[in-house]
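I have placed the structure first, in the form of structure tokens, so that the comments after it can refer back to it.
For clarity, every value in this text was computed on a predicted model and none was experimentally measured. First listed ligand is number 1; within each ligand, the first listed atom is number 1.
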Amino acid sequence: MLSQKLQDALNKQINEEYYSSYLYTAMVAYMESLNLDGCAHWMKMQAEEEHQHAHKIFTYMVDRGGRVELQAVKAPPQEWDSPVEAFKAALEHEEFMTRNINALADLAQSEHDHATNNLMQWYVTEQVEEEANVDDILKKLEMVGGSGQGLFMIDRELMTRPAPAPLTEGGAA
Ligand code: OFO
């Protein structure tokens with residue numbers, strides 16, 4: 001059985017993952033407003049992946065006999081100064097999410113809840129990828145000065161991001 005403290009922390013993380021999905025969806029709208037179809041596509045795939053992240057914790061809590069309690073998702077920003085600034089905000093957000101996951105793993109370990117710790121280790125690994133993916137795009141955008149033909153090429157490349165593969169439920173990847 002999940003402790004109340006862990007249950008509250010997992011419910012909060014579900015909310016953060018839904019917020020992530022909402023944030024990236026706001027970035028889809030922003031990129032669409034600039035006619036950057038590839039950037040918009042990449043953000044859309046990211047938003048879908050975040051939805052999966054929320055659902056994975058949801059299913060895990062149900063499996064453990066916990067009670068999922070959905071909270072209000074706050075409104076994301078709507079505008080950024082440039083595509084570079086949007087990807088910078090995405091990277092900062094992923095760093096924030098990594099800190100949340102690490103805190104959850106610490107809590108699970110302090111409670112000797114091995115199953116929750118196991119689930120959190122999946123997210124720890126996932127966060128390495130999340131940060132690296134955004135950082136890679138950000139560096140490329142900065143390399144081309146965030147505009148002109150370079151931006152056009154990167155936008156085309158981002159259009160090739162595949163849809164996220166379905167995750168298995170619960171603790172396994
Ligand atoms: Fe769920 O990893 Fe990004 O936020």
Is ligand 1 under 4.0 Å from a heavy atom in the side chain of Glu94, in the backbone, in both, or in neither?
side chain

Should Val124 and Thr98 be marked as a side chain to side chain contact (heavy atoms under 4.5 Å, CB included) after you check the CA-CA gap, both sets of side-chain angles, and the distance that decides it?
CA-CA 7 Å; Val124 166; Thr98 298; over 6 Å; no

Residue from Arg64, Arg67, Lys12 passing side-chain contact (heavy atoms from CB on, under 4.5 Å) with Gln7
Arg67

I need the atoms of ligand 1 closer than 4.0 Å to a non-hydrogen atom of His53, numbered in the order shown.
1 (Fe), 2 (O)

Which is the closest N/O/S atom of Glu17 when seen from atom 1 (Fe) of ligand 1?
OE1

Could you pull out the atom name of the N/O/S atom in Glu50 that is nearest atom 3 (Fe) of ligand 1?
OE2

Taking atom 3 (Fe) of ligand 1 as the reference point, name the nearest N/O/S atom of Glu130.
OE1

Taking only non-hydrogen atoms of Ser20 and a 4.0 Å limit, the atoms of ligand 1 in range are 4 (O)

Answer yes or no on whether Lys44 is positioned over the face of Tyr24, meaning its NZ or CZ is under 6.0 Å from the six-membered ring centre and within 45° of the axis.
no

So is there a nitrogen or oxygen of Tyr24 less than 3.5 Å from a nitrogen or oxygen in ligand 1?
no

Does a donor on one side chain sit under 3.5 Å from an acceptor on the other, for His53 and Glu50?
yes

Is there side-chain contact between Asn100 and Leu104, with heavy atoms separated by less than 4.5 Å?
no

Worked check of side chain to side chain contact (heavy atoms under 4.5 Å, CB included) between Lys140 and Glu157:
CA-CA 11 Å; Lys140 283 181 184 159; Glu157 186 191 323; 3.1 Å; yes

Run the contact test for Glu126 against ligand 1 with a 4.0 Å cut-off on heavy atoms, strictly below, and give the result.
no

